[in-house]
Amino acid sequence: MRFTLTAAAASVLIAACATSTEDVTQVTDIETEVLVEAEPEAPAETSDMTAEDPYLWLEEVEGDAALNWVNAQNERSLAVIKSSSVFEDNFSKATDLATSTDRIPYGSVRGGMVYNFWQDETNVRGLWRRTPLESYKTESPEWETVLDFDQLAADEDKNWVFKGANCFKPKGAEKTLCLVSLSDGGKDAVINREFDLDAKVFVEGGFETSEAKQGLAWIDHDTILIGTDWGGDGSTLTESGYPSSVRLWKRGQSLDEATELFAGQKTDVAVWPWASELDDGTMIYGASESDTFFTATYWLLNDGEPFAYPIPQKSSPGGEYKGMQFVTLQEDWTVGEDTFKTGDLVAFNLQQFLDTKELPPVELVFRANERQAVNGVAISKSAALLSINDNVAGKILRLEHSEEDGWTTQDVALPGTGQAGIAFASDNEETVFVNYEGFLSPDSLLTFDADTNTTELLKALPSKFDAEGLTVQQLEATSADGTKVPYFVVHRADITLDGSTPTLLYGYGGFEISMRPSYSGGIGRMWLERGGAYVLANIRGGGEFGPAWHQAGLKGERQRIFDDFIAVGEDLIAKGITSSDHLGIMGGSNGGLLMGVMITQRPDLWNAVVVQVPLLDMLRYHKLLAGASWVDEYGNPDNPEERPFLETISPYHNFDTTADYPTPLFVTSTKDDRVHPGHARKMAKLFEDADKPFLYYENIDGGHSAAANQKERAKRTALEFSYLYDRLFPKDAAE
């Protein structure tokens, strides 16, 4: 049995996810049409709010005045960055990486077929395709197209972006039906259409939804659980803009006729449907009510009346193995005489709970030490595999359970010390795929053999850049409160420690998201090969060392996160690796907030700042798009106890017209319906009105990744690295 949330629900749990440069291996370039040349006058506003904030007109996402300003800034900034001596070379490298056939076609296994979503220069929007497992294991698999999204977009004259598919084949059924999610331009809001996976066609008269941030779960082939925007006007959504209720929708019914099974509160973050198939084919289903970003109640709805799973609100249910339901704890939990700790993986007998509606005895499965963290459990037909961080690097353990020994673990051998994770596992399949990579180790795909507990190399990428002479170090900086903060540095082994090395420092620090070693052809070719150093900071707020590492920087404690990042920057300078003139920083979304704070708090420490899809107005963020869902991470500006701290850190409100700021590059997307583009627009306008240099690029499509397809993603990356080169490398470096 699998206990999983829908893809839409998962997107909420990573709603402020990092925008990284790692996808550059899959992108190419495209030109942006420039519509205007001059900045328009702002329209007159008379509200009290406008009197406090003269730039609210820039929050009108597709308002004429706002888009005129955006296009003028795009035109100006593109002209500046494209004049860089390295832009054409970066463009060429990004294009080469994007069009290379040397990419691992990661996929999922279903009924002996491997399904993969593939984008390249020809298939810009992508192909959903499949091949037999045996063919997949060869160097040149024979792919069969399931759905061509470029063709679909052309046929329907739509800007479709594929957002995934929710497929289901009940035990004993003859066919597999899917709900295919399509986004207009990359937004989180999607439509869902029923698709016959075997026949490779959309089901005529099948399930189809209107555009919304929504979640769906199959109960059987004629019944779906759905949470969506009932009525389409947003009135039924939570204050965070997500579904507030779950309904039962039967084939042949209009969506209006669906029966409500559970309703949450307007103040909830979201209510999502879930469903799981037991080993005997029985379906259990329910609703996940997230009353805050980090707390949820899981309701069982099979019997009509909602019944809550007896687990802490700060916990995450996982899969089921040998009848035992896994749960990862984000808070301490006392059960009888046993106390389990934050970060523990525990389990209880699922069937016993379903039969009695009482909590069975709870067992400790795994307890991480202070330098470890549980990432998750993956279940195949024959094994349970636990993925953990071990001093930031990835590690995989096999879990076993017996009445005599309880829970035991066994290491699964990996190629080295890097990032490792379960790329695919399903309790319906024997096949397990494991991904491994490191800063200097290209991605490799391994298969796991449950009989021998070993892995075997299946596919591996060739090197995307020249790593000869490069080395990786894991160092530590001491933060303001004495906490040791680890960070990785990738650089030439023979660099002179005189502060002259151009260095890019990347950070995120939020939502318990870990920053781990990974391989990037783009960073390698556009930065490391030129002699630059790349640094990844493992600051608090992330999940590198478990929930406590994250929780140390929540709300009013968030200055710790910023102090950690500052400490890493200062340590790089103290060690002679770089200097302020040659140190640049980058971060996206929550990391974009980090960048904004670094501009306002320590402008002296950096000479380049790439601010990607950022949060910057921390006194209005909760009123913009999904912002209300993050008040448990940042604090609530409407709470008089929490607002004062937000006032001290909000980059938008701490802009100083007299300060000497480094020239930043703001990157955002008009179609981002998660973090509002108004954040970047308004902060850039402050720079403009203060007559301070800045650069700005807003992709008209793209969603929260700031790029809807590989071409746009390549353009964005080439712009970013060209900007960084011009700011941090010696002026004659390209000669």
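No hydrogens, no waters, no symmetry mates; every other heavy atom, side chains included, goes into these values. Each residue takes its place number in the sequence, starting with 1.
- Side-chain atoms of Asp498 and Thr496 form no donor-acceptor pair, as typed in the model, at a separation below 3.5 Å.
- Within the model, atoms OG of Ser580 and CD of Glu570 stand 9.0 Å from one another, a figure rounded to the nearest 0.5 Å.
- When all heavy atoms of Asn538 and Val485 are compared, the closest pair comes out as O-CG1, 3.8 Å.
- Side-chain polar atoms of Asp449 and Thr454 form no donor-acceptor pair below 3.5 angstrom.
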Carefully, step by step, assess Leu445 and Val434 under the rule side-chain contact (heavy atoms from CB on, under 4.5 Å).
-> CA-CA 6 Å; Leu445 186 64; Val434 175; over 6 Å; no
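- With hydrogens and angles disregarded, no donor-acceptor distance shorter than 3.5 Å links the side chain of Ser444 to the backbone of Ala460.
- Contact detail for Gly635 and Leu646: the closest heavy-atom pair is O-CD1, 3.6 Å.
- Taking the six-membered ring for Trp and thresholds of 30 and 60 degrees, Trp549 and Phe545 have ring planes more than 60 degrees apart, a perpendicular arrangement.
- With a 4.5 Å cut-off on side-chain heavy atoms, Pro547 and Lys314 do not count as touching.
- Closest of all the heavy-atom pairs between Ala383 and Tyr321 is C-CE1, 3.8 Å.
- With a 4.5 Å cut-off on side-chain heavy atoms, Ile523 and Leu528 count as touching.
- Gln474 and Asn391 share a donor-acceptor pair across their side chains, judged by distance under 3.5 Å alone.
- Using a distance-only test at 3.5 Å, with no hydrogens or angles considered, a donor-acceptor pair links the side chain of Tyr436 to the main chain of Thr417.
- No cation-pi contact links Arg727 to Trp606, judged by a cut-off of 6.0 Å to the six-membered ring centre and 45° from its axis.
- In this structure, CD in Glu437 is found 8.5 Å from CD1 in Ile104, a value given to the nearest 0.5 Å.
- Taking CG from Leu505 and CG from Leu605, the interatomic distance works out to 9.0 Å, rounded to the nearest 0.5 Å.
- Interatomic distance, NZ of Lys464 versus CG of Asp96, reported as 8.0 Å (0.5 Å rounding).
- Under the 4.5 Å side-chain criterion, counting only non-hydrogen atoms from C-beta, Asn699 is not in contact with Arg716.
- The closest side-chain heavy-atom distance from Val631 to Tyr621 is below 4.5 Å.
- Of the possible polar contacts, one joining the Thr648 side chain to the Phe645 backbone as a donor-acceptor pair under 3.5 Å is found.
- For Ser84 (side chain) and Val86 (main-chain N/O), a donor-acceptor pair under 3.5 Å exists by modelled atom type.
- Once rounded to the nearest 0.5 Å, the distance linking CG of Asp390 with NZ of Lys395 reads 4.5 Å.
- To the nearest 0.5 Å, atoms CG (Leu616) and CE (Met595) are separated by 11.0 Å.
- A salt bridge is absent between Glu139 and Lys459; no separation between the charged side-chain nitrogens and carboxylate oxygens falls under 4.0 Å.
- For the residue pair Thr292 / Thr295, a side-chain donor-acceptor distance below 3.5 Å is found, with atom types taken as modelled.
- Residue Ala368 comes nearest to Ala373 through the heavy atom pair CB-N, 4.1 Å, listed as atom of the first residue, atom of the second, then distance.
- A donor-acceptor pair is defined here as one N or O able to donate and one able to accept, closer than 3.5 Å; such a pair exists between the side chain of Asn607 and the backbone of Asp581.
- Leu399 places a side-chain heavy atom less than 4.5 Å from the side chain of Thr409.
- Tyr634 and Asn590 form a side-chain donor-acceptor contact under 3.5 Å, judged by distance and modelled atom types alone.
- With Thr600 contributing its side chain and Asn654 its backbone, the two residues share no donor-acceptor pair below 3.5 Å.
- Of all heavy-atom pairs spanning Gln330 and Ser316, the tightest one is OE1-OG, 3.3 Å.
- Note: Phe439 and Phe488 meet the aromatic proximity criterion, with ring centroids under 6.0 Å apart.
- The aromatic rings of Trp630 and Phe511 sit perpendicular to each other, their planes meeting at more than 60°, with 30° as the lower class boundary.
- Here the closest non-hydrogen pair linking Gly394 and Leu414 is O-CD1, 3.9 Å.
- Between Trp407 and His401, the ring planes are tilted. Angles from 30° to 60° get that label.
- A salt bridge between Glu557 and Lys555 is absent, with no side-chain N of the basic residue lying under 4.0 Å from a carboxylate O of the acidic one.
- Judged by distance alone, the side chains of Arg540 and Thr483 do bring a donor and an acceptor atom under 3.5 Å apart.
- Two rings, from Trp527 and Phe465, have their centers 6.0 Å or more apart.
- The backbone N or O of Met515 sits less than 3.5 Å from a side-chain atom of Glu544, completing a donor-acceptor pair.
- Just one of Lys484, Lys575, Arg371 meets the salt bridge (charged side-chain N to carboxylate O under 4.0 Å, His left out) condition when paired with Glu476; it is Arg371.
- Side-chain contact of Asp563 with Ser479: a donor-acceptor pair under 3.5 Å is absent, judged by distance alone.
- For Gln551 and Glu512, the side-chain atoms include no donor-acceptor pair closer than 3.5 Å.
- Under the 6.0 Å cut-off for aromatic ring centres, His550 and Phe294 qualify, their centroids lying closer than that.
- Judged purely by atom type and a 3.5 angstrom limit, Arg558 uses its side chain to pair as donor or acceptor with the backbone of Gly553.
- A donor-acceptor pair shorter than 3.5 Å cannot be found between the side chains of Tyr106 and Asn116.
- The aromatic ring centres of Phe694 and Tyr661 sit 6.0 Å or more apart.
- The aromatic rings of Phe340 and Trp333 sit tilted, their planes meeting at an angle between 30° and 60°.
- Asn375 has its side chain within reach of Asn389: a pair of non-hydrogen atoms, C-beta onward, lies under 4.5 Å apart.
- Contact check for Met598 versus Val609: no side-chain heavy atoms found under the 4.5 Å cut-off.
- A heavy-atom distance below 4.5 Å is found between the side chains of Leu572 and Tyr487.
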